[in-house]
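Take a look at the structure set out below.
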Amino acid sequence: MKQERNSSPPGGSALLYDTLMWPVERAAVGAWRRRLAARARGRVLEIGAGSGSQFRWYAPGTEVTALEPDPGMAARARRRASQAVAGVRVAEGRAEELPFADEHFDAVLAAFTLCTVGEPERALAEVHRVLKPGGELLLIEHVHLRWQPGRWLQSQAAPLWAKAAGGCRLDRDTLGLVRAAGFAVVSEQPHVAGWIREVVARRP
Ligand SMILES: C[S@@+](CC[C@H](N)C(=O)[O-])C[C@H]1O[C@@H](n2cnc3c(N)ncnc32)[C@H](O)[C@@H]1O
């Protein structure tokens, strides 16, 4: 994990991402973020933190380590970290290689990240390792639809979309991967006709 760097300017893609997300955040995503963050207490890891849109929702006293591989996103996230009421530390790093001891965190949060990580099985194995037994994995994620023709359309669009959107997969069965990694799904709330899932899973 690279240590904090304050010199890199915020990247253009980070600014574009925030601009595109702004109406969506206000309309719905902010409420989902707030609900998940309310469950994240103690020592929390956020993977793929992006520009730090989640940070404002963590409660005071929460100790958040936020990993983000993209330097432009990470630079923007650091600015948001300094305004958060929780303690938030941002570092560059990938979910597939978590530089933390076993059973170190009380909760791990990932919002729209597992769709993009290159090796989600490996990332989830790492998340399982660094969570304490009983610790929670908190997710907001878009998934491969269960109904047709939505599912078929996603499969058709997935390769092109992945090229346009930094590797984001429209056809990923993230919940299946979460279960296969050994997590118990505690709650699953569907949004947008089941396209997006708000999930609480627990390491047994
Ligand atoms: C769609 S953005 C979501 C950002 C943020 N979580 C949010 O809710 O706005 C996906 C993020 O995952 C990051 N990412 C891509 N590959 C990753 C990996 N292997 N490990 C961790 N994060 C990754 C990207 O750099 C990007 O910031």
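As the structure lists them, so they are numbered: ligands from 1, and atoms in each ligand from 1. Being a predicted model, the structure only gives us computed values, none of them experimental.
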**Request:** Before accepting this row, confirm whether a basic side-chain N of the pair E103/R203 lies closer than 4.0 Å to the acidic partner's carboxylate O.
**Result:**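 Judged by the 4.0 Å cut-off on N to carboxylate O distance, E103 and R203 do form a salt bridge.
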
**Request:** With rounding to the nearest 0.5 Å, note down the distance linking CG in D70 to CD in E68.
**Result:**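 Separation between the atoms: 5.5 Å.
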
Using heavy-atom distances, let me know which of [options] sits nearest [atom].
atom: atom 25 (O) of ligand 1; options: R94, E68, M73; value: E68
atom: atom 7 (C) of ligand 1; options: M21, R33, E141; value: R33
atom: atom 4 (C) of ligand 1; options: P71, G48, P120; value: G48

**Request:** Tell me, with the steps shown, if R34 and E198 meet salt bridge (charged side-chain N to carboxylate O under 4.0 Å, His left out).
**Result:** CA-CA 11 Å; R34 179 165 46 182; E198 188 181 327; over 6 Å; no

**Asked** Stepwise, does the side-chain contact (heavy atoms from CB on, under 4.5 Å) test hold for L139 with T113?
**Response** CA-CA 9 Å; L139 297 176; T113 294; over 6 Å; no

Which atoms of ligand 1 have any heavy atom of [X] under 4.0 Å away?
X: T116; value: 15 (C)
X: E96; value: 18 (C), 19 (N), 20 (N)
X: A111; value: 3 (C), 5 (C), 6 (N), 7 (C), 8 (O)

**Request:** Decide whether the shortest distance between a heavy atom of Q54 and an atom of ligand 1 is less than 4.0 Å.
**Result:**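 No; Q54 lies far enough from ligand 1 that no heavy-atom distance drops under 4.0 Å.
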
What protein heavy atom lies closest to [atom]? Include the residue and the distance to one decimal.
atom: atom 1 (C) of ligand 1; answer: F112 O, 3.2 Å
atom: atom 23 (C) of ligand 1; answer: P69 CG, 3.5 Å
atom: atom 9 (O) of ligand 1; answer: Y17 OH, 2.9 Å
atom: atom 18 (C) of ligand 1; answer: V117 CG1, 3.4 Å
atom: atom 21 (C) of ligand 1; answer: A95 N, 3.5 Å

**Message:** Run the side-chain contact (heavy atoms from CB on, under 4.5 Å) test on R33 and E25 for me, step by step, so that the C-alpha distance in whole Å, both residues' side-chain angles and the decisive distance to 0.1 Å come before the verdict.
**Reply:** CA-CA 9 Å; R33 290 189 191 281; E25 293 280 346; 2.7 Å; yes

**Request:** Check the pair Y58, R41 against side-chain contact (heavy atoms from CB on, under 4.5 Å), reporting the backbone distance first and the verdict last.
**Result:** CA-CA 8 Å; Y58 291 114; R41 295 299 172 97; over 6 Å; no

**Request:** Verify, without hydrogens or angle tests, whether R202 (side chain) and F183 (backbone) share a donor-acceptor contact under 3.5 angstrom.
**Result:**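 Checking the backbone N and O of F183 against the side chain of R202, no donor-acceptor pair under 3.5 Å is found.
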
**Message:** Keeping R197 on the side-chain end and V143 on the backbone end, is there a donor-acceptor pair under 3.5 Å?
**Reply:**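 Judged by distance alone, no pair lies under 3.5 Å.
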
**Asked** Under 3.5 Å, is there a donor-acceptor pair between the R80 and S51 side chains?
**Response**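 Yes - a donor-acceptor pair under 3.5 Å links their side chains.
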
**Asked** Any N or O of D70 that comes nearer than 3.5 Å to an N or O of ligand 1?
**Response**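 N/O-N/O distance below 3.5 Å does not exist for this pair.
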
